[in-house]
Amino acid sequence: MSRTQRESVNQVSIAARAAAASRPVPDYLTALNPEQRRAVEAVDGPVLVLAGAGTGKTRVLTTRIAHILALGKARPAEILAVTFTNKAAREMKERIAAVVGGQAEGMPWLGTFHSIGTRILRRHAELVDLEPSFTILDTDDQIRLAKQILSAENIDEKRWPARQLLGAIDGWKNRGLTPEEVPKSDGEWFAHGKGVHLYKLYRDRLKALNAADFGDLLLEPIRLFRNNPDVLESYQQRFRYMLVDEYQDTNVAQYLWLRLLAQKNRNLCVVGDDDQSIYGWRGAEVDNILRFETDFPGATVVRLERNYRSTSHILAAASHLIAHNEGRLGKTLFTDRVDPDAVPVTVASAWDSEEEARAINAEAESLQKKGVSLDEMAILVRTTAQMRAFEDRFVTTGTSYRVVGGPRFYERKEIRDALAYFRCVTQPAYDLAFERIVNVPARGLGQVSLRVVSEVARANGVPLMQAAADVLATDELKGKARSGLLGLLGAFDRWRAQLDALPHTELAEIILEESGYTDMLKADRSADAPGRLENLKELIRSMEDFESLPAFLEHVSLVTDAQGEAGEEAITLMTLHAAKGLEFDVVFLPGWEEGLFPSMRAMDENGQAGLEEERRLAYVGLTRARRQAFVWFALNRRLHGSWQASAPSRFIDELPEASVMVREDVGYGGIGGYGGSRFDKVETFSSSYHTPGWERAQRRREDVPRRERILPTLIEGELVARSIANGPSAFDVGSRVFHQKFGNGNVAAIEGNKLTVDFDRAGRKRVIDSFLTKA
DNA sequence: ATTGGTTATGTTTTT
DNA sequence: CATAACCAAT
C-alpha cells in the first residue's frame with residue numbers, strides 16, 4: 001500500500017472518529033459493563049484482556065470488531081481475527097453479523113491459526129518450496145510416512161515408535177523450529193541421536209510430496225515472513241487490527257507468528273484466561289499471557305471478573321476447585337445475581353459406567369419433563385471412549401443426542417478410504433492416497449508387487465500412479481497383481497474423464513460402487529459394516545454442500561468438527577476440551593474418578609503441572625453450566641477391557657461443601673447404595689420401567705425390524721440411501737425421468753441402480769437412480 | 001505371495 | 001475391547 005493511500009485511510013478514520021464523538025453512544029456500547037467497554041474502546045495499541053469464564057469474552061471481541069468497523073478505522077478485510085477452533089470462528093462470524101449486518105461476510109481473515117496459515121501459504125507457496133495446491137496431511141498419513149522413513153533408515157519401529165517420532169517433530173514445529181534450529185541435545189534421545197536427522201528426512205519427504213502437516217501450517221508462515229521481509233511487510237500493512245481469542249492456548253509458533261505481524265502497528269488485542277489453559281500437551285504456553293506486557297510495553301490490561309453465566313453455587317464450586325492450583329494469575333469471579341432457586345452442584349455415584357449412563361439419561365428426561373430443552377443439556381466427558389456407554393443408552397431409549405468431536409467423522413477408516421479414492425482422481429500425484437487404496441478392496445496387490453512399483457517410482461522420480469502404469473507396460477507383474485492394477489488404473493482414467501461431466505456427488509457414488517468398495521462392505525459380515533455403509537452415504541450427502549470434488553477435499557483437510565446439524569432437539573455429548581467456549585443450562589460431568597479424571601497419564605508424564613491442567617479442565621467443565629451441574633463417578637469401570645474398581649476423583653473433595661449436595665440414594669438406577677452386586681442390575685433395569693425413554697424404547701421394539709436397531713442413529717437420507725439399498729429399480733425402461741443437472745430424458749437401460757438415460761439436451765449418460773425423479 | 005485368521009498390545013485431550 | 005502386527009495355510 002502506498003503512503004498516500006495510507007494517509008487517506010487515516011483521514012477517513014479521524015473524520016469518522018470525530019463524527020462518532022458527537023453522536024450519541026451506540027447501543028452496542030451501552031449494553032456493556034465498564035470493564036468490557038474499556039476493552040472495546042481501547043481500539044489502538046496493545047490490549048490484554050484477562051477474562052474469566054462467563055464474563056463476556058466473546059462479546060467483547062465481537063463488539064470490538066463491530067466498533068472498529070463502525071468507527072471506519074478499518075475495512076473488514078483489514079482485520080485479522082484468530083480463534084482456536086472452526087466452531088468458534090463460525091460463531092464469531094455470526095455474532096459480528098448480528099451487530100454490524102452483512103459486513104462480516106467480507107472478513108476473509110477471521111479463522112483459526114491453521115486455516116489462516118493455509119491461506120497465506122497457498123499464496124506464497126513457491127517461497128516455502130511448495131506448490132499452491134499442496135495437500136494437508138492428517139495423522140494417518142503422517143504415521144505412514146514416518147514408518148517408511150524409519151524402515152528406510154533401518155530403525156526398529158518396535159523400539160522407536162513412529163508416533164513418538166512424530167510427537168517430537170510436532171513439538172519442534174510447535175516451537176517454531178526447523179531441523180537446523182533444533183538444539184543439538186534435543187534430538188539425542190531418539191534412536192541414538194538420530195532424532196533431528198529423521199526430522200530433516202521427514203520434512204524433505206513432505207516437500208517432495210507437495211504436502212504439509214498441521215505443524216507446518218504454523219511453522220512455514222513464520223519461515224516465510226522471516227525470509228521475505230517484503231511479504232511480511234505487506235501483511236503487516238494489511239492487518240490494521242488484530243484480535244486473538246483463547247490466547248492462553250497459543251504455542252510458541254503461534255506467538256512468533258503474531259509477534260511478527262503485530263510488531264509494526266502494535267494494534268493487537270488478545271483475550272485469554274490462564275485458568276482455562278488446557279492445551280499444554282499441544283505445546284500451549286500460558287507464559288505467553290505473562291509475556292505480553294513485556295513484549296508490548298504500555299499495553300492496556302483489562303480484567304473481566306463479573307460472571308454473567310452461572311449461579312452462585314456453580315461459581316463457588318468452580319472457584320473453590322481452581323484455587324487448589326498454584327501457578328495462576330488469580331482472578332476472582334463474582335456475580336451479583338440473586339437466584340432464589342439456585343441449586344447446589346450435585347455429586348452422585350453409580351455402580352458402573354452403564355448405570356452412570358442410565359441414570360444421567362433418566363435425569364435428563366426428568367429435567368426435560370420439567371421444561372428444560374435437551375438442547376440446553378450437555379454431557380462432558382474426559383475421554384472419547386466414555387461416549388460409548390451414553391450412545392448405547394441413548395439409542396436404546398430413543399433419546400436424541402448429538403456428538404461433537406468424538407471419533408471424528410473424517411477419521412473413520414471407510415471415510416478416509418473413500419477420500420483417498422477421490423483424491424487419487426483429482427490429484428493423481430498424491431502417493432499417500434494411492435498407497436492407501438491400491439489394495440482396498442483386495443486386488444491381489446501385496447507388499448511385493450507394491451515394492452516393484454515404488455522402486456520404479458523412486459528410480460524415475462515419478463508419482464506412484466505413473467510408475468504403476470510404467471510397470472504395467474512391462475511384464476514384470478503377473479497374474480492377479482497385473483490384472484488388479486490394470487483394472488484400477490483403467491477405472492481411475494474413466495473416473496477422471498467424468499470429473500467435469502457428472503455432478504461430483506454422483507461421481508463419488510460411482511467411484512465407490514465401481515471400485516468394489518461398497519460391495520466389500522456389503523459382503524462384510526461384521527457388526528459395524530452396515531454402520532460404515534451408512535457413514536459413506538452421510539459423506540456423500542455432506543458433499544452436496546460443495547461446488548466440486550476439489551472444493552470438498554480442501555474443506556475436509558481443515559475441518560474436523562462434525563457439523564452438528566441443527567433441527568431436532570438433542571442432548572449434546574462431547575469431550576471437555578471440545579466444550580470450551582460453550583455454555584448450557586444443565587451440564588453432566590461423568591467419570592470423575594482417579595486415573596480417568598485426573599487422567600493417570602497426564603500426571604505420570606507431567607507431574608504437578610499435568611495435574612493442574614486436569615484441574616483446569618474440571619474448572620472448564622463446571623463453568624459451562626448456567627444453572628445446574630451434576631458430577632458423577634462410577635465405582636467400577638472397564639479399562640483396557642477388564643473391570644477395575646475406581647476411586648472418586650480428588651477433585652470431588654476439592655469442591656466446597658456449602659455448594660454441593662451429595663445424592664445418597666442412587667436415583668433412577670435404583671440400586672441401593674454402593675454394595676450392589678452386578679446381579680442387581682436386572683432389578684435395576686426393571687425399576688427404570690417408567691421413564692419415558694424406556695417406554696419409548698419398548699414401543700420402538702415392536703415396529704422396528706431387528707437389524708435396524710443395531711444401526712447408529714443416523715438420519716436416513718433419501719437421496720443416497722435409495723441408491724445403495726437393493727431391490728428392484730423404481731424406474732422402467734422407456735419411462736420419463738428428471739435429473740438435477742441434465743434435465744429431462746428417457747430411460748434407455750437399467751443395470752442395478754445404474755441407469756442409462758437419453759437426455760433431451762445432454763445426450764446419453766449413465767447415472768445412478770437416486771439422482772433421478774419420475775418426470 | 002497373498003490372504004485371512006490369530007495373537008499380542010495398549011488407549012487423553014485437537015488443529 | 002479394538003486395532004495392529006504376525007503367522008500359517010493357500
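Computed from a predicted model, the values in this text were never measured in an experiment. Chain naming here is simple, since letters A, B, ... match the order of the sequence lines and numbering starts at 1 in each.
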Using whole Å, report how far [atom1] of [X] lies from [atom2] of [N].
X      : N      : atom1 : atom2 : value
A:E605 : B:dT13 : CD    : P     : 13 Å
A:R637 : B:dT12 : CZ    : C1'   : 14 Å
A:M600 : B:dT13 : CE    : P     : 14 Å
A:R163 : B:dT12 : CZ    : P     : 9 Å
A:N606 : B:dT13 : CG    : P     : 16 Å
A:N251 : B:dT14 : CG    : C1'   : 12 Å
A:E614 : B:dT13 : CD    : C1'   : 8 Å
A:E594 : B:dT12 : CD    : P     : 18 Å

For A:T383, which residues count as a side chain to side chain contact (heavy atoms under 4.5 Å, CB included) partner, sequence neighbours excluded?
A:A385, A:Q386, A:L596
So, using side chain to side chain contact (heavy atoms under 4.5 Å, CB included) as the criterion, who are the partners of A:N439 when residues are at least two apart?
A:A442, A:R443, A:L445
Can you name the one residue among A:R123, A:R203, A:K173 that meets salt bridge (charged side-chain N to carboxylate O under 4.0 Å, His left out) with A:E220?
A:R203
Please tell me if [X] has a side-chain N or O lying less than 4.0 Å from either OP1 or OP2 of [N].
X      : N      : value
A:T384 : B:dT13 : yes
A:T85  : B:dT14 : no
A:R382 : B:dT12 : no

Over all strands shown, is [X] touching base, sugar-phosphate only, or nothing at heavy-atom distances under 4.0 angstrom?
X      : answer
A:F597 : nothing
A:Q386 : nothing
A:F113 : nothing

Just to verify, what does A:W109 make a ring-ring contact (aromatic ring centres under 6.0 Å, His included) with, not counting sequence neighbours?
A:F239
With sequence neighbours excluded, residues passing ring-ring contact (aromatic ring centres under 6.0 Å, His included) with A:F422:
none
Which donor-acceptor pairs under 3.5 Å do side chains of residues 451-458 of chain A form with protein atoms, sequence neighbours excluded?
from	atom 1	to	atom 2	distance (Å)
A:S454	OG	A:L450	O	3.4
A:S454	OG	A:R451	O	3.1

Salt bridge (Lys or Arg N to Asp or Glu O under 4.0 Å) partners of A:R282, counting only residues at least two apart
none
With a 3.5 Å cut-off and no angle check, do the side chains of A:Q608 and A:E613 form a donor-acceptor pair?
no
Short side-chain donor-acceptor distance under 3.5 Å, A:H324 and A:Y619:
no
Return a single string for nucleotides 1-8 of chain C, one symbol per nucleotide in 5' to 3' order, where B is base contact, S is sugar-phosphate-only contact and - is none, cutoff 4.0 angstrom on heavy atoms.
SS--SS--
When you compare the protein's N or O atoms with those of nucleotides 2-9 of chain B, which come within less than 3.5 Å of each other, and at what distance?
from	atom 1	to	atom 2	distance (Å)
B:dT2	OP1	A:G446	N	3.0
B:dT2	OP1	A:S449	OG	2.6
B:dT2	OP2	A:V448	N	3.2
B:dT3	OP1	A:G444	N	2.9
B:dT3	OP2	A:N439	ND2	3.1

Of the candidate nucleotides B:dT12, B:dT15, B:dT14, which contains the atom at the shortest distance from the side chain of A:W281?
B:dT14
Do A:F84 and the base of B:dT15 stack face to face, with centres under 5.5 Å apart and an angle between planes under 30°?
no
On a whole-Å scale, what distance lies between the P atoms belonging to C:dA4 and B:dT13?
16 Å
Just jot down the side chain to side chain donor-acceptor pair (under 3.5 Å) partners of A:R436, sequence neighbours excluded, or say none.
A:D140, A:D417
I'd like to know if A:R282 reaches the base of B:dT13 with its side chain such that a donor and an acceptor end up less than 3.5 angstrom apart.
no
